[in-house]
Amino acid sequence: MGKRMTELELLNSFDEALENGHIFVCYQPKMNHATRRMIGAEALMRWNDPVNGMQYPSDFIPVLESSDLIYKADLYVFDCVCRFQRKMLDKDIPSVPISFNMSRHDIIQNDYISELEKIRRKYDIPVKMLHAEITESSAIGGMELITKTLNQLHELGYFVEMDDFGSGYSSLNVLKDLNVDMIKLDMRFLSGDIGGRGGTIISSIVQMSKWLNTPVVAEGVETLAQADYMRSIGCIYIQGYLYSKPVTEAEFEAMLSNISSESSLKSMELISTMDAGRFWDPNSLETLIFNNYVGGAALFRYVDGKCDILRINQKYMKEIGMNMSEKEILCSDPMESFDEQNRTIFENALKLAAETGDEVSCETWRNVCSKICGSDRICVRSDIRMIGKAEDQYIFYAMVRNITSEKKRFSEITDSERKFRMASEQINVYAWEYYFSTKEMRPCYRCMRDLGLPAVVENYPAPVFENGLFPLDYKDMYYEMLDKLKHGEKYLEAVIPLTVGRIPFLIRYTTEFDENGTPLKAYGSAELVRSDKPE
Ligand code: C2E
Ligand code: CA
Ligand code: CA
């Protein structure tokens, strides 16, 4: 380990480091601990600076991420990996799939995946020889981007691994929504005695992953005891210092030439093997998982158009809300909470789940009624899986999420946006929104069309004084106006001569507050002051 470089030193020497091979790739094998064969490897970035010596990813990756250079670096790593796989193919050395790390910052760039594909095709590498590692933290700020990325990768045939599972953003619900091909469980995040609580968490995750039919690889495995323990609970794939530290390309090539490999992964057993008896035992592992590692969940029996709820967890009661007791929920038939249309949606989902054996999702509105809160209409997303069947009875397992507020907010937003646009077109006013915290101004369509404003004006109002839309001698007054709004003024107006013609407009602002009473944004409008107004 060399001298740690400062952020500035790293940023300044990045281009040169890429060009001169100071940034390069090391490989760490992934092993099958049952057969001791190599099943894959992970590409890890290294930076050996000629002056300061070896730099480690935990130091330089965050710097590259904060400056968007990570995109370039990751594509470079991918290029090195493909070049290496090409070399193995040409030399006839049997290789293993190599995984590359994808940063959250990579997938924000639209063309990242098409760039990967260009490189892969340049070297003509079968897609199965490349695995993508994504981290759960990519789901921060919404599932949309990560879901889209995952779908794109899958469409192209990539195998996708969920990295750093257990690191804190973990939620089995996230995992369940993302259809990844493998989970990487980092032992370092779950340290502590594997005989105690740490072990319970690990084995619960492995157990749950079997239900999801997704294999697990344990990483950061340093001791034989850890590896044996993992194997004993059904996780045979291991990556860590126990087998090998990350090694240079040349060393890795030598490894591949000398040991036999096994490139196909076995998938784990299905949920149908679940031990139903243990599920009802309050002290069993299954119960622990049910209560702690999933969101709202319920087991119910469906017979002849009727549902019996057999079992729910604590989080289920929270999701459904309405302050209902467990007993109240268990005694109610969810089927009766639907109207005609929603009942059909729900029953179709059950049918599909029973026919295919796959998990099926649906969103339904229900009328719920509780002693404490009275009645209300809520929207619930259910992910349903059939886990048992006997004659005309079906047992389903459902994970539920109350999405009422999301649904409402969405329709409110689309509604208010539509009104806003229509109104401004009709009554000859210019309208916009101004966000206090980001100083962003979002103009209406008319402003964009007539005044040539972009969809978002940053650092408002500086640009409108710079481009002459507002007269400079009104600058102090206008800034003061926005400042007052920011500090809680509810409504302000002023006449300001605008545009090249300096035509007087009446500017009005109304402030919107969040639920704590903090000013959030202001709605602004500008209306022509008519000279022909009666006195
Ligand atoms: P990661 O993806 O979780 O990679 C595994 C890290 O664990 C590696 O650290 C590896 O050297 C280390 N490791 C493996 N086995 C053991 C073990 O038995 N014990 C211990 N204590 N550590 C072990 P490394 O190479 O320092 O990388 C750190 C992180 O930097 C990576 O974590 C990954 O998040 C990031 N990273 C590395 N290379 C790249 C890259 O090419 N692109 C991007 N975006 N990130 C990278
Ligand atoms: Ca990784
Ligand atoms: Ca990891």
Side-chain angles (χ1 to χ4, degrees), residues 142-144 171-174 176-177 279-280 290-356 358-389 392-419 514-515:
M143 298 286 285
E144 250 161 62
S171 129
L172 284 160
N173 267 347
V174 167
K176 203 178 52 57
D177 288 340
F279 203 86
W280 303 100
F290 189 66
N291 283 328
N292 297 303
Y293 294 96
V294 297
L299 267 185
F300 60 92
R301 177 172 45 206
Y302 177 83
V303 198
D304 236 7
K306 282 194 184 326
C307 273
D308 278 330
I309 298 188
L310 304 172
R311 191 165 176 206
I312 52 173
N313 66 2
Q314 294 289 324
K315 287 188 188 140
Y316 182 92
M317 292 195 271
K318 264 215 196 109
E319 284 296 322
I320 298 296
M322 306 293 291
N323 217 346
M324 280 192 265
S325 68
E326 184 166 355
K327 196 166 159 229
E328 250 180 300
I329 293 178
L330 289 176
C331 293
S332 62
D333 178 354
M335 281 306 186
E336 280 166 15
S337 65
F338 298 129
D339 61 15
E340 202 49 41
Q341 190 191 358
N342 283 285
R343 187 189 174 94
T344 312
I345 296 173
F346 193 73
E347 285 193 316
N348 285 343
L350 295 185
K351 251 183 228 149
L352 194 64
E355 277 163 20
T356 59
D358 289 338
E359 188 174 286
V360 176
S361 304
C362 67
E363 288 175 10
T364 46
W365 286 89
R366 347 181 148 182
N367 296 309
V368 285
C369 181
S370 85
K371 285 205 183 95
I372 300 173
C373 303
S375 55
D376 201 359
R377 206 166 146 73
I378 59 172
C379 188
V380 176
R381 187 193 145 100
S382 319
D383 299 318
I384 304 164
R385 193 188 262 279
M386 183 182 70
I387 58 170
K389 187 183 158 188
D392 55 347
Q393 294 190 17
Y394 297 83
I395 310 269
F396 292 98
Y397 175 79
M399 299 219 199
V400 299
R401 205 154 65 80
N402 187 331
I403 55 170
T404 315
S405 56
E406 274 124 299
K407 284 268 166 190
K408 282 197 179 145
R409 208 173 315 133
F410 183 73
S411 66
E412 270 163 25
I413 289 168
T414 45
D415 218 44
S416 78
E417 199 165 277
R418 211 185 55 236
K419 281 188 204 144
D514 68 10
E515 58 270 20

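- With sequence neighbours excluded, the residues satisfying salt bridge (Lys or Arg N to Asp or Glu O under 4.0 Å) with Asp308 are Arg301.
- Minimum interatomic distance between Met386 and Ala353 (heavy atoms only, all atoms of both residues): CB-O, 4.0 Å.
- At least one side-chain heavy atom of Asp339 sits under 4.5 Å from a side-chain heavy atom of Arg377.
- The two residues Ser337 and Pro334 come nearest to each other via the heavy atoms OG-O, 2.5 Å.
- Gly305 and Met335 get closest at one heavy-atom pair: O-CG, 3.6 Å.
- Side-chain contact between Thr404 and Trp365 is present, with at least one heavy-atom pair separated by less than 4.5 Å.
- From Ile345, atom CD1 reaches atom OG1 of Thr364 across 7.0 Å, with rounding to the nearest 0.5 Å.
- Considering only residues two or more places apart in sequence or on other chains, Glu336 meets the salt bridge (Lys or Arg N to Asp or Glu O under 4.0 Å) condition with none of them.
- Panel note: side chain Glu363, backbone Arg381; no donor-acceptor pair is recorded below 3.5 Å.
- Shown here for Ile320 and Val380, the closest heavy-atom pair between the two residues is CD1-CG2, 4.1 Å.
- Taken from NZ in Lys318 to CG in Asn313, the straight-line distance is 10.0 Å, to the nearest 0.5 Å.
- The SG atom of Cys379 sits 7.5 Å away from the CG atom of Asn342 when rounded to the nearest 0.5 Å.
- Every residue two or more places apart in sequence or in another chain that forms a ring-ring contact (aromatic ring centres under 6.0 Å, His included) with Phe346 is listed here: Phe338.
- Side chain of Asp333 to backbone of Lys306: no donor-acceptor contact under 3.5 angstrom is found.
- Considering only heavy atoms from C-beta on, Met317 comes within 4.5 Å of Ile312 through its side chain.
- The line from CG of Leu352 to OG of Ser361 is 10.0 Å long, rounded to the nearest 0.5 Å.
- Phe396 pairs by the ring-ring contact (aromatic ring centres under 6.0 Å, His included) definition with Phe300, not counting sequence neighbours.
- Atoms CG and CD1, from Leu350 and Ile384 in turn, are 5.0 Å apart once rounded to the nearest 0.5 Å.
- The side chain to side chain donor-acceptor pair (under 3.5 Å) contacts involving residues 344-354 comprise Tyr302-Glu347, where partners must be two or more places apart or lie in separate chains.
- Residues forming a side-chain contact (heavy atoms from CB on, under 4.5 Å) with Asp358 (at least two apart in sequence, or on another chain): Thr356.
- The minimum heavy-atom distance between Arg401 and Glu319, with the atom names listed, is CA-OE1, 3.3 Å.
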